[in-house]
Asker: 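The structure's right below; bear with me while I get my questions together.
Here is the naming used below: chain letters follow the sequence lines, and residue numbers restart at 1 for every chain. None of the values given here were measured: they were computed from a predicted structure. Below, all heavy atoms of this structure are taken into account, side chains as well, without hydrogens, waters or symmetry copies.
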Amino acid sequence: MSVSRERWSSDFSRWFDWVIEEAEIYDYGRYPVKGMGVWMPFGFQIRRRIIDIIRELHDSRGHEEVLFPILIPETLLRKESEHIRGFEGEVYWVTHGGLEPLDIKLALRPTSETNITYYESLWIKSYKQLPKKYYQIVSVFRYETKATRPMIRVREITTFKEAHTVHASFSDAERQVLEAIEIYKNLFDKLGIPYIISRRPEWDKFAGALYTIAFDTLMPDSRVMQIGTAHHLGQNFTKVFDFKIQLADGSLDYPWQTSYGVSDRVVASLISVHGDDRGLVLPSIIAPIQVIIIPIPIGLEEEKKTILEEARRIADLLKSSGFRVRVDDREELRPGAKYYYWEVRGVPIRIDIGPEEVKSRVYTVVRRDTLEKYKVSEDKLISELKAIIEDIDSHLSRRAWQSMKSAIKRVRTLKELEEWAKYKRGIVEVPWCGKEECAHRVEETLEVKTLGTPWPEERAEGEYCPICGLKAVTWARYAKTY
RNA sequence: GGGGCCGUAGUCUAGCCUGGCUAGGAUGCAGGGCUUGGGCCCCUGUGGUCCCGGGUUCAAAUCCCGGCGGCCCCA
């Protein structure tokens with residue numbers, strides 16, 4: 001048996017709403033504030049496992065976790081002019097304390113470059129303290145004017161991992177951007193989420209950055225979603241905060257900064273890229289429960305008892321080998337109902353234990369991704385489960401990567417581009433002269449967004465921009481985006 | 001930013017156009033019975049500010065205005 005992905009791909013938007021509700025991940029649309037949802041226990045566990053990985057990746061590379069206040073005074077937020085220009089339209093302001101109007105409005109942080117730089121300027125005085133890498137995992141608020149969507153475009157981003165680093169030189173900050181990219185590659189690889197890395201075009205870089213490197217992934221509806229960004233901030237913030245350090249030669253200079261972030265969208269993309277018509281399919285590293293055991297109690301009371309005991313014995317056996325396992329011993333549900341229940345929650349492995357299994361000690365093992373069934377004897381159970389789980393994980397990742405790669409098309413002529421536009425499925429790469437107006441022309445006529453240029457940089461030798469006909473310097477990527 | 005559709009028990013939904021009966025059903029939930037190898041069945045019960053505010057009317061879930069919220073399409 002295999003699982004169809006018909007609804008998942010052809011009606012993705014509805015599928016997503018359905019799955020986050022049905023799997024009890026995120027309760028959205030009932031909270032009486034637009035663009036805000038509630039993480040339910042099962043969703044919270046998934047989110048927490050992702051956060052654990054994120055922490056590990058940052059800690060192991062010398063990042064230090066901190067926690068800054070949620071409120072940023074207007075005076076601080078306005079220091080960097082490009083920055084505030086980029087965020088002004090979507091800041092929530094706290095204007096009153098009780099009945100008193102505040103002298104200085106307080107922003108609910110949309111991101112924390114400003115208040116963190118302010119503190120860095122107090123804490124860091126010498127090049128010897130550098131590089132310095134801080135991060136925090138917090139809620140940030142953005143008054144989204146576009147249509148909000150659960151987890152994907154929300155007004156409270158509840159899981160915003162933002163790293164902020166300080167460096168003695170431009171090149172060390174640039175090296176830090178590379179480290180950020182490595183961290184994110186690592187993260188997404190662990191989750192089996194495919195990505196394409198682009199340097200965002202000038203007009204779409206982070207407000208206040210020199211440049212932005214972005215991770216995008218392909219969603220089931222063939223649209224592209226940004227799932228991570230890394231910014232070289234140059235000295236833009238350190239200058240306006242008059243943040244100087246002393247260098248080896250005794251001189252004073254403004255240090256260099258980077259910042260990089262991922263959000264709730266990591267969870268959203270994990271759910272999306274691996275799912276199918278039956279619901280979630282979770283990689284084992286994330287699955288809160290990796291093995292669900294379903295007892296199938298048939299016959300006399302005595303026999304039912306034996307079956308349940310056998311289920312618990314196997315559960316203990318697996319637990320002692322490090323599996324996260326649970327017996328679904330609820331009496332009010334029939335086995336079939338339990339299958340659906342755990343399938344929608346993406347549990348990688350199911351084991352059925354009924355009279356047959358008790359007698360033979362050969363167990364029925366079902367994998368979530370393909371619904372293939374295996375008969376496994378007790379002595380081989382642990383090793384087989386490990387092998388199957390490993391196979392599921394690699395299958396999920398391979399499948400997701402394949403579908404993204406197959407959605408990337410390179411075209412060279414206007415005609416090919418227009419041909420592609422008829423379908424607009426995925427990402428198209430076009431030789432580009434580097435002029436903004438040519439990219440905008442493509443955006444307007446094809447109704448797509450510029451993702452940017454390939455990272456690492458790729459020259460387009462001997463290619464010509466199909467818009468203006470001039471020599472192309474690189475490739476530009478376009479897609480329908482979230 | 002522009003346009004469209006929508007809001008009725010926890011969830012889905014009928015009723016709305018054409019105002020008037022105790023707001024009907026399914027699912028869920030609780031209790032009971034029967035069952036259990038892919039969402040069993042039966043009985044009983046429970047659950048409603050008909051999104052909010054205002055207006056029209058003898059009378060509003062229904063018509064009108066405003067707000068809030070959701071979904072979809074387009075920029």
Asker: Between B/G19 and B/C58, how far apart are the P atoms? Round to whole Å, please.
Answerer: 15 Å
Asker: Specify the separation, in whole Å, of atom CH2 of A/Trp342 and atom C1' of B/G38.
Answerer: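 So the CH2-C1' distance, A/Trp342 to B/G38, works out to 17 Å.
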Asker: Flag the pair A/Trp401 / A/Tyr195 as yes when their ring centroid distance falls below 6.0 Å, and as no otherwise.
Answerer: yes
Asker: Salt-bridged, A/Glu22 to A/Arg345, with N to O below 4.0 Å?
Answerer: no
Asker: Is A/Glu343 side chain donor-acceptor paired with the B/G38 base, going by distance under 3.5 Å alone?
Answerer: yes
Asker: Is any side-chain heavy atom of A/Met151 closer than 4.5 Å to a side-chain heavy atom of A/Ile20?
Answerer: yes
Asker: At less than 4.0 Å, is any side-chain N or O atom of A/Tyr341 found next to OP1 or OP2 of B/G39? Yes or no.
Answerer: no
Asker: Aromatic rings A/Trp15 and A/Phe12: how do their planes relate, parallel, tilted or perpendicular, breaks at 30° and 60°?
Answerer: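 If you compare the ring of A/Trp15 with that of A/Phe12, the planes turn out parallel.
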Asker: At under 4.0 Å between heavy atoms, what does A/Gly35 touch on the DNA or RNA strands: base, sugar-phosphate, or nothing?
Answerer: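 Answer is sugar-phosphate: A/Gly35 comes under 4.0 Å of backbone atoms only.
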Asker: How long is the span from the OH atom in A/Tyr260 to the OH atom in A/Tyr184, to the nearest 0.5 Å?
Answerer: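 Answer for the OH-OH pair, A/Tyr260 versus A/Tyr184, is 7.0 Å.
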Asker: Using atom P in both nucleotides, what's the gap between B/C17 and B/C51 to the nearest angstrom?
Answerer: 15 Å
Asker: Is A/Glu356 touching bases, backbone alone, or none of the nucleic acid, heavy atoms closer than 4.0 Å?
Answerer: base
Asker: Taking 4.0 Å as the cut-off, does a side-chain nitrogen or oxygen of A/Arg334 come that near to OP1 or OP2 on B/G39?
Answerer: no
Asker: Measure CG/A/Asp352 against C1'/B/U36 and give the value in whole Å, please.
Answerer: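 Rounding to the nearest Å, CG of A/Asp352 and C1' of B/U36 are 12 Å apart.
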Asker: So A/Ile351 and A/Ile294, do their side chains get closer than 4.5 Å, heavy atoms only?
Answerer: no
Asker: Are the ring of A/Tyr339 and the base ring of B/G38 both nearer than 5.5 Å at their centres and tilted by less than 30°?
Answerer: no
Asker: In whole Å, what separates the P atom of B/C73 from that of B/G15?
Answerer: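 The answer is 26 Å between these two P atoms.
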Asker: Nearest-Å distance, CZ (A/Arg368) to P (B/G38)?
Answerer: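 The answer, rounded to whole Å, is 17 Å.
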Asker: Provide the distance between the two C1' atoms, one in B/A30 and one in B/G38, to the nearest whole Å.
Answerer: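 Looking at atom C1' only, B/A30 and B/G38 are 26 Å apart.
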Asker: Whole angstrom is fine here: how far is it from CD1 in A/Ile307 over to C1' in B/G37?
Answerer: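 Answer to the nearest Å: 10 Å.
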Asker: How does RNA chain B look in dot-bracket form if you count Watson-Crick and G-U pairs under 3.5 Å, write [ ] for pairs that cross, and put | where a base pairs with another strand?
Answerer: (((((((..((((......[...))))((((((.......))))))....(((((..]....)))))))))))).
Asker: Between A/Arg85 and A/Glu82, is there a side-chain N and carboxylate O pair less than 4.0 Å apart?
Answerer: yes
Asker: Which nucleotide in the list B/G37, B/U11, B/C40 gets nearest to the side chain of A/Arg30?
Answerer: B/U11
Asker: Quick one: A/Ile20 CD1 to B/U11 C1', roughly how many Å, whole number?
Answerer: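 Between C1' of B/U11 and CD1 of A/Ile20: 14 Å.
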Asker: For A/Glu22 and for A/Glu301, locate the closest nucleotide of RNA chain B by heavy-atom distance; then report the residue assigned to the nucleotide nearer the 5' terminus.
Answerer: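 The answer here is A/Glu301.
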Asker: Run the numbers on A/Arg47 and A/Thr159 for side-chain hydrogen bond (donor to acceptor under 3.5 Å, both in side chains), then give the verdict.
Answerer: CA-CA 8 Å; A/Arg47 173 179 172 275; A/Thr159 316; 2.6 Å; yes
Asker: Return whichever of A/Glu444 or A/Pro335 has its heavy-atom-nearest nucleotide of RNA chain B closer to the 5' end.
Answerer: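 Final value for this comparison: A/Pro335.
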Asker: Does A/Tyr363 reach the side chain of A/Asp352, with side-chain heavy atoms less than 4.5 Å apart?
Answerer: no
Asker: Under the ring pair (Phe, Tyr, Trp, His ring centres under 6.0 Å) definition, can you give me all pairs with a residue in residues 315-362 of chain A, not counting sequence neighbours?
Answerer: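 Qualifying pairs: none.
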Asker: Using a 4.0 Å heavy-atom cut-off across all strands, classify A/Arg330 as base, sugar-phosphate, or nothing.
Answerer: nothing
Asker: Between A/Tyr340 (OH) and B/U36 (P), how many Å, whole number?
Answerer: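 Atom-to-atom, A/Tyr340 to B/U36, this comes out as 19 Å.
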Asker: Write down the distance separating the P atoms in B/C16 and B/U62, rounded off to the nearest Å.
Answerer: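 These two P atoms come out 13 Å apart once rounded.
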Asker: Can you tell which of B/G37, B/G39, B/U36 lies closest to the side chain of A/Thr364?
Answerer: B/G37
Asker: Please give the distance between the C1' atoms of B/U36 and B/G47 as a whole number of Å.
Answerer: 29 Å
Asker: Heavy atoms within less than 4.0 Å of RNA chain B: which residues of residues 145-158 of chain A have one? Give them sorted by number.
Answerer: A/Thr145, A/Thr148, A/Arg149, A/Pro150
Asker: Have a look at A/Glu357 and say if it touches a base, only the backbone sugar-phosphate, or nothing, with a 4.0 Å heavy-atom cut-off.
Answerer: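 Base: the residue A/Glu357, judged by heavy atoms under 4.0 Å, touches a nucleobase.
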Asker: Over how many whole Å does the gap from A/Glu332 atom CD to B/G32 atom P extend?
Answerer: 12 Å
Asker: Hey, would you say the A/Phe160 and A/Phe141 ring centroids sit under 6.0 Å apart?
Answerer: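 No - the distance between ring centres of A/Phe160 and A/Phe141 does not fall below the 6.0 Å cut-off.
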Asker: For B/C12 and B/G3, measure between their C1' atoms and round to the nearest Å.
Answerer: 28 Å
Asker: Round to a whole Å and report the spacing from NZ of A/Lys338 to C1' of B/U36.
Answerer: 9 Å
Asker: Are any of the side-chain heavy atoms of A/Pro194 and A/Thr217 separated by less than 4.5 Å?
Answerer: yes
Asker: I'd like the C1' distance from B/C52 over to B/G7, given in whole Å.
Answerer: 11 Å
